[in-house]
Every structure is written in C-alpha cells, then in structure tokens.
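What follows is a set of notes on a single structure, which appears directly below.
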2 protein chains.
Amino acid sequence: MIQLDYKSGQSICEQVVNRFIQLKALGLMKGGDQLPSVRALASQLSVNPNTVQKAYAILENAGIIYSVKGKGSFLSDDERAHDAVRQKAETDFTAAVRTAKSLGLSQEDLVTLVLKEETT
Amino acid sequence: MIQLDYKSGQSICEQVVNRFIQLKALGLMKGGDQLPSVRALASQLSVNPNTVQKAYAILENAGIIYSVKGKGSFLSDDERAHDAVRQKAETDFTAAVRTAKSLGLSQEDLVTLVLKEETT
DNA sequence: TGTTGTGTACCAATTGAATTAGTACAGTTA
DNA sequence: TAACTGTACTAATTCAATTGGTACACAACA
C-alpha cells in the first residue's frame with residue numbers, strides 16, 4: 001500500500017502524507033477506512049515510528065484523517081479537507097507552470113505536455 | 001538583476017542558478033554577456049562567496065556559462081546547453097503533472113490552469 | 001613593477017531539517 | 001491483566017546548505 005522511493009527527493013514523512021492523500025483521491029481508500037498503526041507502518045517501511053507519527057499528525061491537522069487513542073487512525077469523511085488538498089494541488093501546479101514558463105516553455109508546450117501524459 | 005526569495009523554499013544556490021537561466025530565456029541577457037563577479041554578487045546578496053561560486057560552477061558544468069580566470073564569467077552561446085535546460089524544464093513539469101493528477105486533478109483541470117496563467 | 005580584481009580550491013565550523021533511538025503515559029479491546 | 005492503539009517527550013545522529021577564512025593562479029591596468 002505504501003512504498004518509499006528514496007530517489008524522489010521527498011522526505012519519508014512527505015511521502016507517507018502524500019501517499020494516503022493519493023489513496024483517497026484514487027478511490028483505493030474511503031472515508032472511515034483504518035490506516036495501519038503508527039508502529040506497524042514504521043516496521044513495514046523499516047523506519048522510525050516517530051517519522052510515521054509525524055506524518056499522521058500532519059494528516060490529522062489537515063483534517064484528512066482522524067485518530068483515536070487506543071483505537072487507531074481513520075480516513076476522514078470531511079470533504080472540506082479534501083477540497084483543501086485540491087486547492088493545494090492547484091497552487092503547486094500553478095507554481096510549476098510559472099517555473100516552466102520562466103525557463104522558456106510556451107503555453108502551447110505545456111498544454112501538449114499535459115495531454116501527452118497518459119491518465120492511469 | 002538577482003533577488004533572493006527566502007520564502008521560496010529553494011536554496012540560495014538553486015535560486016542563483018535558476019535566475020541566470022531565466023534571464024537568458026527571457027532575453028534580458030544574451031550570449032557573451034558578463035555575469036557579476038563571484039565576490040560582487042555575494043556582496044550584493046549578502047551571501048557567502050562560496051555559495052555564489054557553487055552556483056557558477058553548476059552553471060559552467062551545464063555549459064550555460066563559461067568562466068575565465070582573471071577575467072570573469074560569461075553567458076554561453078551554446079544552444080545545446082540551453083536545449084538541455086529546456087529538456088529539464090519539460091521533465092520537471094511532467095513530474096508536476098503526475099503529482100497533480102495523483103492528487104485528483106483531471107487533465108481538463110490542468111489545461112485550464114495552464115491557460116489561466118497569464119504570460120508575462 | 002605592483003596593485004587590484006577576477007576565478008578556483010580548499011578546510012573547518014555552523015546551522016537547520018530530517019531522522020533515529022529510547023522512554024513514558026493514556027486509552028481500547030479482549 | 002495483557003496486548004494493542006495514539007501521543008508526547010528528550011537526546012543523539014545524519015546530512016545538506018551555508019558560512020568564514022585562507023590561499024593560489026591569472027588578467028588588466030597604472
């Protein structure tokens with residue numbers, strides 16, 4: 001379910017955060033689904049539990065998951081949180097557009113690149 | 001000519017590198033134009049000369065500038081180097097497209113965002 | 001010639017973020 | 001009670017970025 005990519009340049013914490021957001025966006029997880037426990041996921045990824053807990057804390061802070069002591073962490077049903085994720089994705093993508101343009105790519109170039117990228 | 005943005009998340013070195021690439025792409029600098037000296041730019045940016053020199057070394061390594069001991073550093077005329085910059089910009093942008101899609105944005109969404117971004 | 005400005009090459013030290021390691025506490029479930 | 005969950009700390013480590021400093025080689029110029 002979660003697979004780390006050490007070549008991505010992203011920190012472990014970031015990757016865990018983003019992966020659960022993706023799983024929701026892709027429909028592979030739904031609101032209410034339970035996440036692996038902090039310790040279990042840390043063990044599976046061969047990573048320190050603190051790192052996973054930090055990722056879960058970020059997700060909970062953003063309203064994407066909710067955690068209950070003694071029970072576990074669950075994917076939130078709150079659509080507002082997922083709207084916020086979408087907002088951030090748009091902002092990040094817009095920044096990428098600006099960067100690409102500043103390096104000489106035209107609007108047509110960018111549209112072509114978007115369309116060339118297959119939707120999996 | 002060069003202005004640092006500490007909120008950008010980019011390192012000083014990265015910002016210097018990217019800024020000169022931009023200046024060339026935007027036509028504000030041409031092949032043969034002299035860059036500020038390592039020490040002068042470092043002083044202007046209130047930054048360590050080593051940091052600027054590292055940026056210049058990266059630019060020279062990529063063929064974007066060439067440096068002559070005792071004379072200075074100059075923007076290269078080599079189009080192949082600038083083609084490589086374009087290649088990298090395309091690769092980076094494609095990665096941004098994938099990320100945005102994984103977070104739930106559709107192809108239409110992305111095209112809209114590209115077109116919404118004014119060309120300055 | 002000497003001086004100044006240029007790029008280049010080191011090295012030691014510092015800073016900050018990310019991660020690890022370890023311990024402890026609180027709540028749930030069986 | 002025992003075994004699981006999340007949470008909250010602190011200390012140590014690692015690594016990249018940056019700083020501070022010194023030194024050398026070359027070019028331009030008075």
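Here is the naming used below: chain letters follow the sequence lines, and residue numbers restart at 1 for every chain.
To the nearest angstrom, C1' of dG7(C) lies 15 Å from CG of N61(B). Distance I12(A) CD1 to dA17(C) P: 17 Å, rounded to the nearest Å. Summarising the geometry, the separation between CZ on F74(A) and C1' on dT28(C) is reported as 11 Å, rounded to the nearest angstrom. Atom CD1 in I58(A) sits about 14 Å away from atom P in dA8(D), given to the nearest Å. Whole-Å rounding puts the Y6(A) OH to dC15(D) C1' distance at 14 Å. Rounded to an integer number of Å, the gap from Q10(A) CD to dT19(C) P is 11 Å. Regarding L4(B), its CG atom lies at a distance of 13 Å from the C1' atom of dT18(D), rounded to whole Å.
For S67(A), no side-chain nitrogen or oxygen approaches OP1 or OP2 of dG6(D) to under 4.0 Å. Close to dA28(D), at under 4.0 Å from its OP1 or OP2, lies a side-chain N or O of K71(B). Taking only side-chain nitrogens and oxygens, S37(B) comes nearer than 4.0 Å to OP1 or OP2 of dT6(C). For dA17(D), the OP1/OP2 oxygens have no side-chain nitrogen or oxygen of T51(B) closer than 4.0 Å.
If K69(A) and Q53(B) are placed on DNA chain C by their nearest nucleotide, the residue sitting closer to the 5' end is Q53(B). For P49(A) and G70(A), each mapped to the nucleotide of DNA chain C holding its nearest heavy atom, the one lying further toward the 5' end belongs to P49(A).
Ring geometry for Y56(B) versus F20(B): interplanar angle over 60°, hence perpendicular rather than tilted (30 to 60°).
For N50(B), the side-chain atoms get nearest to dC11(C) when compared with the rest of dA18(C), dT8(C), dC11(C). In the set dT18(D), dG7(C), dA18(C), dA18(C) carries the atom at the smallest distance from any side-chain atom of K54(A). Between dA18(C), dA9(C), dT20(C), one nucleotide has an atom nearer to the side chain of S11(A) than all others, and that is dA18(C). Of the listed nucleotides (dT5(D), dT20(C), dT6(C)), dT20(C) has the atom at the smallest distance from the side chain of N48(A).
For the residue pair Q15(A)/S8(A), the side-chain donor-acceptor check at 3.5 Å is satisfied.
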Evaluate T99(A) against D92(B) for side-chain contact (heavy atoms from CB on, under 4.5 Å), listing each step before the verdict.
CA-CA 9 Å; T99(A) 300; D92(B) 290 349; over 6 Å; no
Decide side-chain contact (heavy atoms from CB on, under 4.5 Å) for L4(B) and V47(B); before the verdict, give the C-alpha distance in whole Å, the side-chain angles of both, and the deciding distance to 0.1 Å.
CA-CA 10 Å; L4(B) 291 181; V47(B) 142; 4.0 Å; yes
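Counting any heavy atom pair closer than 4.0 Å across all strands shown, E60(A) reaches sugar-phosphate atoms only and no base atom.
Using a 4.0 Å cut-off between a side-chain N of Lys or Arg and a carboxylate O of Asp or Glu, D109(A) and K101(A) do not qualify as a salt bridge.
You won't find any donor-acceptor pair under 3.5 Å spanning the side chain of R39(B) and the base of dG5(C), going by distance alone.
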